[in-house]
Amino acid sequence: MSGKVSGVKGMNDLLPPDSSVWQHVEQTVRELFARFGYQEVRTPVVEDTALFVRSVGEATDIVGKEMYTFEDKGGRSLSLRPEGTAPAARAYIEHAVANQEPVTRWFYMGPMFRYERMKTGRYRQFHQIGAEAYGASEAAQDVELMDMVVQLLEALELKDISLNLNSLGDETCRPAYQEQLVAYLQAHRDELCADCQARLERNPLRVLDCKNERCQAVVAASPDIQTFLCEPCRAHFDEVKRKLDLLGIHYVVNPRMVRGLDYYTRTAFEFIASHPALGTASTVGGGGRYDRLVKQLGGPDVPAVGVALGLERLCLLLASEAGRYAAPPDLFVAFADAAAAEQGFVLVSRLRKAGLRVEFDPRGGSLKSQMKRADRTHARYALVLGENELASGKGQLKPMQGGEPIPVALDEVAAALVTR
RNA sequence: GCGACCAUAGCUCAAUUGGUUAGAGCACUGGACUGUGACUCCAGGGGUUACCGGUUCAACUCCGGUUGGUCGCCCCA
């Protein structure tokens with residue numbers, strides 16, 4: 001399209017009626033998360049590049065090759081946020097929130113940016129719903145978060161989403177495991193794919209969830225992290241599982257599940273959907289515990305656990321419902337002549353002030369065309385204003401789904417509609 | 001970053017192996033029905049066939065490039 005402007009690749013517009021699906025999800029989130037005591041935090045879309053390098057990890061794909069990084073006019077290296085946990089932790093530290101309350105529960109919703117090749121459910125600007133809980137190292141906190149996600153999925157009536165669970169250990173036990181794992185993988189180096197051979201040096205844990213068949217065969221006989229967990233990590237993991245059982249939440253322990261961010265310790269989990277609309281983008285959400293991150297970023301030694309959900313992916317699962325959430329007007333007012341348009345304009349304003357959803361056609365036009373518009377908007381009722389109505393002060397509420405018109409005094413329209 | 005496929009009206013798709021003026025359904029506007037939507041019928045508006053170049057008497061059709069989209073690898077939300 002020469003001469004025409006177009007949007008940036010991988011960054012999408014959201015138009016009605018699709019936007020109503022998003023609003024439904026967002027509204028459900030706000031209501032449910034409030035029940036769990038999570039309050040909204042909003043941080044800038046741009047952060048100091050170093051924040052992500054130090055938290056997400058230099059060796060990760062996200063930081064290594066997916067960030068939108070640029071220099072501002074002051075020569076600072078800034079990046080569009082690729083995820084929400086690090087910015088939230090930064091705000092938590094910067095405002096010394098730990099000094100004001102022992103436990104902090106935050107949620108956020110907003111755009112994230114990663115420069116990636118696009119496919120179904122994956123975009124360069126995408127939106128995450130995240131929740132973070134600071135200050136509690138207990139398993140109950142991990143499970144509360146998972147419970148909240150499970151309840152959200154239920155509220156959205158999403159089915160067939162399974163919870164995968166793993167423990168990645170901590171700084172006490174993970175090094176020993178990693179050492180054993182690397183030793184084992186080195187011994188089988190030539191059986192691994194090229195990518196995994198590179199991972200061996202940079203990020204050995206990632207070899208575990210390589211999809212390559214030959215790598216899987218190697219991994220199948222690799223040391224199991226579960227057997228390496230130190231006593232505190234084992235106890236924590238057991239407690240997480242026990243409390244999930246207590247709440248009747250089903251989960252699958254997957255010792256191969258490794259998340260793509262470096263800051264996770266102990267609990268890691270993923271919500272995975274088996275739905276054709278998502279293609280191979282089956283993860284709708286994931287999270288875990290990051291007990292070292294706050295301190296690592298220069299804050300106090302505060303444990304934390306968090307989760308992030310992909311808004312686009314949730315909406316893809318709801319896509320067949322598009323339009324179902326858009327609220328139609330209660331009333332459409334049509335005008336038969338100029339005098340009616342004048343007085344009707346005032347009536348419409350009054351009805352809206354009274355809390356009703358009311359529409360009219362500002363262009364006027366034939367009654368017929370106005371009624372057509374009334375039909376198209378799916379208004380519940382239509383009211384025609386003309387000489388007769390203005391003279392008598394009475395009109396007829398016409399049910400657009402069919403049925404007998406309801407006689408009503410013009411100054412009682414609001415009252416009549418509220419009760420219907 | 002690698003590989004495969006695709007691109008025609010706002011949407012979903014046609015257009016006889018290259019051949020007059022690129023069509024239909026839906027949507028939009030108006031009319032049949034001069035104060036009443038839907039169903040029916042009639043009419044109308046809407047296209048540089050994604051863009052740029054090439055082959056040819058002739059290109060929506062064939063070739064190359066660009067851009068965008070889809071799918072897999074990778075990765076993740």
CZ of A:R117 versus P of B:rC74: gap in Å, rounded? 15 Å
Against the side chain of A:R122, the closest entry in B:rG35, B:rC74, B:rG30 is B:rC74
What's the gap between B:rG47 and B:rA22 when it is taken at their C1' atoms, as a whole Å value? 9 Å
Please give the distance between the P atoms of B:rC51 and B:rG35 as a whole number of Å. 46 Å
What nucleic acid atoms does A:G285 come within less than 4.0 Å of, heavy atoms only: base, sugar-phosphate, or nothing? sugar-phosphate
Pairwise P distance for B:rC6 and B:rC42, with rounding to whole Å: 38 Å
Check: B:rG35 base within 3.5 Å donor-acceptor of A:E389 side chain: yes
Can you tell me the pairing partner of B:rC13 across any strand shown, Watson-Crick or G-U wobble, with both distances under 3.5 angstrom? B:rG23
When you compare B:rU70 with B:rA38, how far apart are their C1' atoms, in angstrom units rounded to a whole number? 37 Å
Determine: side-chain N/O of A:K119 to OP1/OP2 of B:rU70, distance under 4.0 Å, yes or no. no
What's the gap between B:rG69 and B:rU12 when it is taken at their P atoms, as a whole Å value? 15 Å
Parallel under 30°, tilted from 30 to 60°, perpendicular over 60°: which one fits the rings of A:H24 and A:Y325? parallel
Between P on B:rA77 and CE on A:M118, what's the gap in Å once rounded to a whole number? 18 Å
By nearest nucleotide on RNA chain B, pick out whichever of A:E387 and A:S366 is the more 5' one. A:S366
Looking at B:rC28, I'd like to know if its phosphate oxygens (OP1 or OP2) sit under 4.0 Å from a side-chain N or O belonging to A:R376. yes
Stacked cation flag A:R124 on A:Y115, 6.0 angstrom / 45 deg: yes
Interatomic distance at P, B:rA58 relative to B:rU21, whole Å: 14 Å
Do A:K398 and B:rG37 share a donor-acceptor pair, side chain to base, under 3.5 Å? yes
Would you please confirm or rule out a distance under 4.0 Å between OP1 or OP2 of B:rG69 and any side-chain N or O of A:R124? no
Any idea which of B:rA77, B:rA38, B:rG69 is nearest the A:K9 side chain? B:rG69
Side chain of A:Q128 only, please: which of B:rA77, B:rG35, B:rU29 is the nearest? B:rA77
Grab the CG-P distance between A:L385 and B:rU36 for me, whole Å please. 15 Å
When rounded to whole Å, the CD1 to C1' distance for the pair A:I272 and B:rA77 reads 12 Å
Using the P atom as the point on both nucleotides, what is the distance between B:rG19 and B:rG23, in whole Å? 15 Å
First encountered from the 5' end of RNA chain B, between A:N388 and A:E270: A:N388
Looking only at the side chain of A:M371 (C-beta and beyond, no hydrogens), which of the listed nucleotides B:rG37, B:rA77, B:rG3 gets closest? B:rG37
When all nucleic acid strands are considered with a 4.0 Å heavy-atom cut-off, which category describes A:Y123: base, sugar-phosphate, or nothing? base
For nucleotides B:rU49 and B:rG44, find the distance between their P atoms and express it as a whole number of Å. 22 Å
Once you round it to whole Å, what is the distance between C1' of B:rC39 and CG of A:D375? 11 Å
